[in-house]
Undergrad: 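Quick one: structure below, then a few questions.
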Amino acid sequence: MAKYNHREIENKWRKIWKENPVNVDDGQKPKYYCLDMFPYPSGSGLHVGHWRGYVISDVFSRYKLLNGYYLIHPMGWDSFGLPAENYAIKMGTHPAKTTAENIASIKTQIHQINALYDWEMEFSTTDPDFYKWTQWIFIKMFKEGLAYEKEMPINWCPSCKTGLANEEVVNGACERCGDPVTKKNLKQWMLKITKYADRLLNDLDKLDWPEKVKKMQADWIGKSYGAEVDFLVCEREEKIKVFTTRPDTLYGATFMVLAPEHELAALLATSETKEAVDKYIYESSLKSSVDRLQDKEKTGIFTGSYAINPLSGEKLPIWLADYVLADYGTGAIMCVPAHDERDFEFAKKFDLPIVQVIAKDGIETPDMTEPYCEPHGLVINSSDWNGMESALLKAEAPLIIEKRGLGKKTTNFKLRDWVFSRQRYWGEPIPIVHCPACGCVPVPEEELPLLLPNVESYQPTGTGESPLAAITAWVNTVCPSCGLEAKRETNTMPQWAGSSWYFLRYIDNKNDEALVDKEKASKYLPVDMYIGGVEHAVLHLLYSRFYTKFLFDLGYVDFEEPFIRLFNQGMITGKNGVKMSKSKGNTVSPDDLVRDYGCDSLRLYELFVGPPELDSEWDDRGIEGVYRFIAKFYNLVMENKDKNTKPTKEMLRIRHKMIYDITQRLNNFSLNTVVSGFMEYNNKMIALARDGGIDKETLITGVILLAPFAPHLAEELFRELGGKESVFSCRWPDACENLMADDEKEVAIQLNGKTKKVVRMAADLSQADAIKLAKEELGERLIGTIIKEIYVPGRIVNLVVRD
RNA sequence: GCCGCAGUGGCGGAAUUGGUAGACGCACAGGACUUAAAAUCCUGCGGGCUCAACACCCGUACCGGUUCGAUUCCGGUCUGCGGCACCA
C-alpha cells in the first residue's frame, strides 16, 4: 500500500486547484470577507511566526467556504516605508526596485502556505493606481477642512529624521527605531481625527473585537468629563481657563499652574520675576519629552501674579511648571493639593497652602500627610456646598458653575490630531500646491496620481525638509487655481496612509473611476474577520476606523466600521520567549519544514503549538507529532476505504461526537485543541478499525472536517474515498445529538468528595439505583453514617460520611 | 503608580455552567520487529510511601474563605508579561 508522500500529494493538488479554483462567486452565495493584515515586504523573508496568522485566517476561510460562503480572501503589500528607503540610502538602489524584489520573494514563500488567496485582487500601496486614491482621500479631507497645516512643536525622531504622530511615540521613543524622540517646531499637515473622537469611542461598542484592544483604544481616546472654569487674574484683564474633572474640589484650589508654553506664561511675570520666569520658560523649551517624563522632582516658578478663586474669592498665586502639559485641556490647571497627588507634591515642595474639602468617611484629617484623591466623602470647608456627597457634587458642579456664569460643563480628550507629514522620500507625495496668492491649493483630481519623482539622493536633510525639496523641476509648478508660479508640498504621507483604507480596494482594485465601486462596496464590504497582531491596536486600527467614518460621511461607503470582527494572534517566539528576529539569529524558516514534513503538517503544527491568541515558543521537534498523526490517518483511510464496513452504533457515536467537538472548538477559535481533537478521534478510529473495521461515511466525515486544516491531504483522501468533485464542494457536516449520546458513562464514586472508584453505569440511572450501586462498590470502605448523598448523572456519585 | 492578562508534570499544553486534574503531543525509559539501525508498533511516565501491587497521603504560584466537592468562585500575597504613564 502507498505510503504517505506529502510532496507528491501537495504538488498534485496545488496544480489542480490552480486550474480549478475551489472558491468561486456564483452571485448566489453570501460573501465572507476574511482579511489578513497585509505585510510589509521586508528583505528578511517569512519565518514560522508569520505563517501562524496566515494559517489561522486560511483555516477560518476554508471553514466558511465549507459553510457555503463565497470568500473574499485577498493579499497585498504595504510597501512604502523606511527599510527600503534606508537601504536605498546605503546602497543607492531605488526603493521601488528593492520593494519589487522583496515582494517577489515573499510571495514565493506565501504560496507555500497554499492559502485561498485571490491573487487577482493583489496590489501594493506603492502602485500609482493605488496611491492615486490615497491622495484623492487626502484632497477630500482637505476640502472638508479635516486636513490642515499648522506650525507647532511636534515629535521628531532624530534618527529617522522625520516627524511622528503621537501614536508612533512609545514611552518617549520612536516606535520604529527606539531612539528617544525630541520636539521640533515644524509646519505640518495634520488630520483632524479629534473631530471623530466621540464616534470612535462610542462605536467601539458595536465591534466584536478583543476587549483588550477596545480598552486600549478607549484609553487612547481618553474622554473625561468635567468643567471648564474661568479664573480672573488680579488687577488685570486676562482670564485663565482651566479644565478640571473634579469641580467638587473647587473651594480647595489654593494656587494655579500654567504650562511654560501657555500664551500668558511670560505676560504674567512682574518686573521682579521677569528674568527668572523667562529663564524657566526657555529652559523647559529645551527639554525633550523624555527628559520631562524622567524628571522625578517637580520644578516650577512663581510668576508674581495672582488669580481669584471664583467661588471663595481667595487670592491664588499663579505658578509655571512643566508638569502641566500645554496641549491637554487648556494648558492651565487649578491646583487642589489636598486631593491631587501631583498638586500635593508641588505644594509640599514650594510650601503652598493645603485646604481639605473632601472628608473621607466624613472625618476631617488634621494634618494631611498624603492627598485623598477618591471622589467619595463629605464636602467640607466649601461654604454652601458643605455637607454634600463628593460623588454627587462632582456630577452636579459643572452645571452649577455654568449657571453662575463661571464656566461651562465640558469634556476633554487625550486624543490629538494626527501629524500626517513625513520628511522622507519613500511615501505618497502630499498633493498640495503652495501658491503665494491662493495659499494651499489641492492638485486637481484629474491630475492624480501625483507621481513620486526620482531623486538623486534619498538622504533625509534632517532640517525638516523632505529630499523632494531638492528637485526644483518637480517643486516648481504653477498654481492650479490662478496659474501663478507656485511650489509643491514636499513632505510625504506616513506609512499608515495606504493601510488606512487598503481593505476597501481589493474588491475593485482596477477601478479607474472611483476608489471603489459603490455597488460592489455594498455587496462585498466590510471586512467580516480581520486577523493580525496586537501591535496595531491603536495605530492602524484607529486610523482605519477614522478613514472609514470619513468615507461614510461623504457617502462613498455605507458602513461606519471597517472590521466587524478582529482576532489577534499571539506571537511565535524563539527559545525563552525571545522575539524572532534576524539580528538575534533565532528565526526559524518555514521552507525546510515544508520540504521535510509538508505544508499540511506545518499548518497543523502552527496551530498545535498553543492557544492562537497567546504567544508560543517555537520548538521544531513537536512537528514530528502532527506528521505522525497525518501519516496514521492516511493509512487508516487507505486501508479501510474499500472494505464496505457497515456502520455500528459505536461508529455513529464517534462520528457525531467528532463533528460536534471539532465544530465547537473551531467556533471558539480553540484551534490548538481542534488539532489535539483530531489526534484523539484518529486514535479512536484506529482502535475501531482494529476491532472489526470502520465505515466509509465516518472516514469521509473525518476528511471533510480536516479539510480546512490540511487541505491537500483531505482532498487526496476524499478522492480516494470516491469523491467526484473537490472536498471543498462538500458541506460542513452536522452533528446529531441523539446519535452522539452514550448509553453508558464512566461515573466517579466519591467518599467525602474524594474519588475512590470509577464505574460504568447507565447514563440515565436513577438516583436511588446510583446510590445503591455506589454503596456496593465502596463496600467495606464505607464506614460511618451517611449524612448526604449527591448524584450528578453521568458524572459523579458523592457520599458524605461522618463517624 | 494605575489598568489588563497569566502562573497546572521534564516540556508545549487539556479540562462546557464548580463534578474523575494532567486529554493530546514532545522528550525520556522498557519491550516487539530487524544481522543492525532508522521507521513502525506495544507498555510506562506528577510526587510521596512500597521490593511490588492494592490501599493511603500530598499535589493546579502562595495564604485563607465559601462548598458535599474548587485549576474553576470570593478575599489577600508573590512572580511574570502586556498597555498607559505628570491627561488635571
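Just so we're on the same page: letters track the sequence lines, and every chain starts at 1. All heavy atoms count here, side chains included; hydrogens, waters and symmetry mates do not. What you see is a predicted model; the values in this text were computed from it and never measured.
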Undergrad: Check this for me, if you would: do Lys775(A) and Glu789(A) make a salt bridge, where the nitrogen-to-carboxylate-oxygen distance has to be below 4.0 angstrom?
TA: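 Salt bridge present between Lys775(A) and Glu789(A).
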Undergrad: Please determine, for U66(B), whether a Watson-Crick or G-U wobble partner exists with both distances under 3.5 Å, and give it or none.
TA: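 With both distances under 3.5 Å required, U66(B) matches none.
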Undergrad: Which of these nucleotides, A27(B), A88(B), G83(B), is closest to any side-chain atom of Met216(A)?
TA: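 Within the option list, the nearest is G83(B).
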Undergrad: So, Tyr605(A) versus Tyr597(A), ring centres under 6.0 angstrom or not?
TA: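 When the ring centroids of Tyr605(A) and Tyr597(A) are compared, they turn out to be at least 6.0 Å apart.
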Undergrad: Using atom P of each nucleotide, how far apart are A21(B) and U60(B) to the nearest Å?
TA: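 Their P atoms lie roughly 12 Å apart.
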Undergrad: Salt bridge check, Arg760(A) against Glu744(A): does any charged N sit closer than 4.0 Å to a carboxylate O?
TA: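 Here Glu744(A) pairs with Arg760(A) in a salt bridge, since their nearest N and O are under 4.0 Å apart.
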Undergrad: Which nucleotide in the list C24(B), U20(B), C56(B) gets nearest to the side chain of Ser676(A)?
TA: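 Comparing C24(B), U20(B), C56(B) against the side chain of Ser676(A), the answer is C24(B).
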Undergrad: Taking only the side-chain nitrogens and oxygens of Tyr328(A), find out if one of them lies under 4.0 Å from OP1 or OP2 of A88(B).
TA: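 For A88(B), OP1/OP2 do have a side-chain N/O of Tyr328(A) under 4.0 Å.
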Undergrad: Would you indicate which nucleotide in A88(B), U16(B), C41(B) comes nearest to any side-chain atom of Lys632(A)?
TA: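 Nucleotide nearest to Lys632(A)'s side chain: C41(B).
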Undergrad: Counting only Watson-Crick pairs (N1-N3 plus N6-O4 or O6-N4) and G-U wobbles (N1-O2, O6-N3), all under 3.5 Å, who is the partner of A14(B)?
TA: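 Pair assignment: A14(B) / none.
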Undergrad: Go ahead and name the base partner of C56(B); Watson-Crick or wobble counts if both distances stay under 3.5 Å, otherwise write none.
TA: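 Paired with G48(B).
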Undergrad: Just to be sure I understand the rule, does Lys214(A) reach a base, reach only the sugar-phosphate, or reach nothing, if contact means heavy atoms closer than 4.0 Å?
TA: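 Nothing, no heavy atom under 4.0 Å.
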Undergrad: Does atom CD of Glu624(A) have more than 12 heavy-atom neighbours, drawn from other residues, nucleotides or ligands, at distances under 6.0 Å?
TA: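 Counting neighbours around CD of Glu624(A), more than 12 heavy atoms of other residues, nucleotides or ligands fall under 6.0 Å, so yes.
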Undergrad: Mind telling me if G48(B) is syn or anti? Syn here is a glycosidic angle within 90° of 0.
TA: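 Base orientation relative to the sugar is anti.
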Undergrad: Between atom CD in Glu624(A) and atom C1' in G12(B), what is the gap in whole Å?
TA: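 For the pair Glu624(A) CD and G12(B) C1', the rounded distance is 15 Å.
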Undergrad: For atom P, what is the distance between U71(B) and G59(B), given to the nearest Å?
TA: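 My reading of the P atoms in U71(B) and G59(B) gives 10 Å.
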Undergrad: Return the pairing partner of A29(B) with a 3.5 Å limit on both distances, Watson-Crick or G-U wobble; otherwise return none.
TA: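 A29(B) is paired, partner U43(B).
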Undergrad: Checking all strands, does Glu746(A) fall into the base, sugar-phosphate, or nothing category for heavy-atom contacts under 4.0 angstrom?
TA: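 Counting heavy atoms under 4.0 Å across all strands, the contact made by Glu746(A) includes a base.
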Undergrad: Is it the case that the base of C86(B) and the side chain of Lys298(A) share a donor-acceptor contact (distance under 3.5 Å, atom types as modelled)?
TA: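 Answer is yes: a donor-acceptor pair is held.
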Undergrad: If pairing requires Watson-Crick or G-U wobble contacts with both distances under 3.5 Å, which nucleotide is the partner of G9(B)?
TA: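 None - no nucleotide pairs with G9(B), as no candidate has both distances under 3.5 Å.
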Undergrad: Identify, between Leu614(A) and Gln750(A), the residue whose nearest nucleotide on RNA chain B lies closer to the 5' end.
TA: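 Its nearest nucleotide lies further toward 5', so the answer is Leu614(A).
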Undergrad: So, are Lys214(A) and Glu211(A) salt-bridged, with charged N and O less than 4.0 Å apart?
TA: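 Yes, charged N to carboxylate O under 4.0 Å.
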Undergrad: From Phe344(A) CZ over to Leu352(A) CG, what is the distance, rounded to the nearest 0.5 angstrom?
TA: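 Here the rounded value is 12.0 Å.
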Undergrad: Does U34(B) have a Watson-Crick or wobble partner in any strand here, with both distances under 3.5 angstrom, and which is it?
TA: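 Pairing partner: none.
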Undergrad: Consider the side chain of Lys414(A), meaning its heavy atoms from C-beta on, and name the nucleotide among G19(B), C86(B), C84(B) that approaches it most closely.
TA: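 Shortest atom-to-atom distance from the side chain points to C84(B).
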Undergrad: Val324(A) has a side chain; which of C26(B), U20(B), A88(B) sits nearest to it?
TA: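 Closest of the options to the side chain of Val324(A): A88(B).
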Undergrad: Work out how far the C1' atom of A70(B) is from that of G19(B), and round it to whole angstrom.
TA: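 It works out to 10 Å between them.
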Undergrad: What nucleotide, of C56(B), A27(B), G19(B), holds the atom closest to the side chain of Val792(A)?
TA: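 Shortest atom-to-atom distance from the side chain points to G19(B).
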Undergrad: Under 4.0 Å, heavy atoms only, any strand: does Lys684(A) hit a base, just the sugar-phosphate, or nothing?
TA: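 Nothing, no nucleic acid heavy atom in range.
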Undergrad: Can you check the distance between A14(B) and U8(B), where both ends of the measurement are the C1' atom (answer in whole Å)?
TA: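 Roughly 10 Å separates the two C1' atoms.
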Undergrad: What nucleic acid atoms does Asn798(A) come within less than 4.0 Å of, heavy atoms only: base, sugar-phosphate, or nothing?
TA: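 If one applies the 4.0 Å heavy-atom cut-off, Asn798(A) turns out to touch a base.
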Undergrad: What's Asp343(A) touching, base or sugar-phosphate or nothing? Going by heavy atoms closer than 4.0 Å.
TA: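 Nothing: the residue Asp343(A), judged by heavy atoms under 4.0 Å, touches no strand.
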Undergrad: Looking for any heavy atom pair under 4.0 Å, which part of the strands does Phe629(A) touch: base, sugar-phosphate only, or nothing?
TA: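 Nothing: the residue Phe629(A), judged by heavy atoms under 4.0 Å, touches no strand.
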Undergrad: Between Lys414(A) and Asp219(A), is there a side-chain N and carboxylate O pair less than 4.0 Å apart?
TA: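 Not counted as a salt bridge, because no side-chain N and carboxylate O are separated by less than 4.0 Å.
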Undergrad: Quote, to the nearest angstrom, the P distance that separates G46(B) from A23(B).
TA: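 Looking at atom P only, G46(B) and A23(B) are 8 Å apart.
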Undergrad: On RNA chain B, does the nearest nucleotide to Asp340(A) precede the nearest nucleotide to Gly625(A) from the 5' side, or the other way round? Give the residue.
TA: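 Going by which nucleotide is closer to the 5' end, it is Gly625(A).
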Undergrad: Which nucleotide in the list C58(B), A23(B), A14(B) gets nearest to the side chain of Thr673(A)?
TA: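 So the side chain of Thr673(A) is nearest to A14(B).
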Undergrad: Would you call Arg595(A) and Asp592(A) a salt bridge, using N to O less than 4.0 angstrom?
TA: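 Salt bridge between Arg595(A) and Asp592(A), a charged N being under 4.0 Å from a carboxylate O: yes.
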Undergrad: Select one nucleotide: of G12(B), A88(B), C68(B), the one nearest the side-chain heavy atoms of Phe608(A).
TA: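 Within the option list, the nearest is G12(B).
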Undergrad: Between P on C68(B) and CD on Gln767(A), what's the gap in Å once rounded to a whole number?
TA: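 Interatomic distance, CD of Gln767(A) to P of C68(B): 16 Å.
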Undergrad: Rounded to whole angstrom, note down the P distance from C3(B) over to U77(B).
TA: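 The answer is 12 Å between these two P atoms.
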Undergrad: Roughly how far apart, to the nearest Å, are G9(B) and C41(B) at atom C1'?
TA: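 Straight-line distance between the two C1' atoms is 26 Å.
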Undergrad: Give none if G1(B) has no partner; otherwise give the nucleotide forming a Watson-Crick or G-U wobble pair with it, both distances under 3.5 Å.
TA: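 Per the H-bond distance test, C84(B).
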Undergrad: Given C24(B), C84(B), U20(B), which nucleotide is nearest the side-chain atoms of Trp220(A)?
TA: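 The answer is C84(B), which lies nearest to the side chain.
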Undergrad: With rounding to the closest Å, how many angstrom separate the C1' atoms on A88(B) and G18(B)?
TA: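 Roughly 45 Å separates the two C1' atoms.
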Undergrad: Picking from C58(B), G13(B), U20(B), which would you name as closest to the side chain of Val758(A)?
TA: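 It is U20(B).
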